[in-house]
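What follows is one structure encoded as structure tokens, with my remarks underneath.
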There are 2 protein chains.
Amino acid sequence: MTQIDCDLDDPGCYCVLSDVMELLGKKYVMDIVCVIAVHERVRFGTLEDHLPDASTSTLSTRLDELEAAGFVTREQYDEIPPRVEYELTDRGAELGERLEPLVEWAIDDQQRQTS
Amino acid sequence: MTQIDCDLDDPGCYCVLSDVMELLGKKYVMDIVCVIAVHERVRFGTLEDHLPDASTSTLSTRLDELEAAGFVTREQYDEIPPRVEYELTDRGAELGERLEPLVEWAIDDQQRQTS
DNA sequence: CCGTATCCCAAATGATACTG
DNA sequence: CAGTATCATTTGGGATACGG
């Protein structure tokens, strides 16, 4: 992807696609970032609890992608039973700041539609 | 979907999925909303120009979904040649307001990573 | 010009079982 | 507990051509 030849304010711009936007467009990604943002540090199982529609494998894939993109860190503790904690990087936190207003609005909006 | 049993600020919340988030997670949806937001009124062909990676059919599908969800209106002028213009509804504009900071950040972030 | 209809393919996701 | 591996399946999405 990586096709940014434009300024959003310029109606003549070409397009607004970017790698980050492409990642965000994948299922659960925005949700995952928000859950981590709220918890600060969170374990794999906790994420699963919060995202019951995501399968184990999908969640794992998403976390890998987020880590590879530099939005999330993974810390492993060699204990028995094993423990892993995910946390946002600084860039991830910046992203989260822009995401939370969106997600909160989406939730409010949906409740307005439903009620 | 529609599984909202939680408050984002409550670490004990269940999950944050919503129909809106599910729609936003589809390819090009966020981009389309932003392009319409910037142009205010925009024709189908113009959208295609701004999103060259999206096929005609996908773009059409997305616009239908956005219209069905109440974020976009479609106005058709019976002229020759035909003209159609898309515009954000009030809800769509609210969404756009939360989307643009995110998209602009994503673009800036990407340029920081690249340079 | 603005799509829809069709067909087809690749990628994405889910379910499950199994391992360190 | 925290995944990975595997397999099946769906869905998304692209290309194209045609209709209003």
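All chains are named by letter (A, B, ...) in the order of the sequence lines, taking the proteins before the strands, and each is independently numbered beginning at 1.
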Between B:Ser55 and D:dA15, is there a contact of a side-chain N or O with OP1 or OP2 at under 4.0 Å? no
Non-neighbouring partners of A:Arg74 that pass salt bridge (charged side-chain N to carboxylate O under 4.0 Å, His left out), sequence neighbours left out: none
Can you list the residues that meet the side chain to side chain contact (heavy atoms under 4.5 Å, CB included) rule with B:Thr73, with sequence neighbours excluded? B:Glu87, B:Thr89
Given side-chain hydrogen bond (donor to acceptor under 3.5 Å, both in side chains), test A:Ser55 with A:Thr58 step by step and report yes or no. CA-CA 5 Å; A:Ser55 67; A:Thr58 302; 2.9 Å; yes
Take A:Leu47 and A:His50 through the side-chain contact (heavy atoms from CB on, under 4.5 Å) test and state the conclusion after the steps. CA-CA 5 Å; A:Leu47 277 166; A:His50 282 263; 5.7 Å; no
In short, A:Gln110 meets B:Asp19 closest at the heavy-atom pair OE1-N, 3.0 Å
Taking atom C1' of D:dT10 as reference, at what distance in whole Å does atom CD of B:Glu22 sit? 14 Å
Can you tell me the distance, in whole Å, between the CD atom of A:Glu79 and the P atom of D:dG3? 13 Å
Residues two or more places apart in sequence or in another chain: which of them pass side chain to side chain contact (heavy atoms under 4.5 Å, CB included) with B:Glu97? none
Taken to the nearest whole Å, NZ/A:Lys27 to P/C:dG14 is 5 Å
In this structure, how many angstroms lie between the C1' atom of D:dG19 and the CD1 atom of B:Ile80, rounded? 13 Å
Side chains of A:Leu95 and B:Leu102: does their closest heavy-atom pair fall under 4.5 Å? yes
Measure the distance from CD on A:Glu75 to P on D:dA2 and round it to the nearest whole Å. 14 Å
Which atom pairs link the protein and nucleotides 18-20 of chain C when you take only N or O atoms and keep those under 3.5 Å?
none

Whole angstroms only, please: what is the CG-C1' distance between A:Leu24 and C:dA12? 17 Å
Quick one: list whatever passes side chain to side chain donor-acceptor pair (under 3.5 Å) with A:Glu94, sequence neighbours left out. B:Trp105
To the nearest angstrom, the CG-P distance between A:Asp78 and D:dC1 comes to 17 Å
Going 5' to 3' along nucleotides 3-11 of chain C, which nucleotides have protein heavy atoms under 4.0 Å from the base (write B), which only from the sugar-phosphate (write S), and which from neither (write -)? BBB------
Figure out the CG/C1' separation between B:Leu23 and D:dT11, and round it to whole Å. 15 Å
Taking 4.0 angstrom as the limit, do A:Glu85 and A:Arg41 come out as a salt bridge? yes
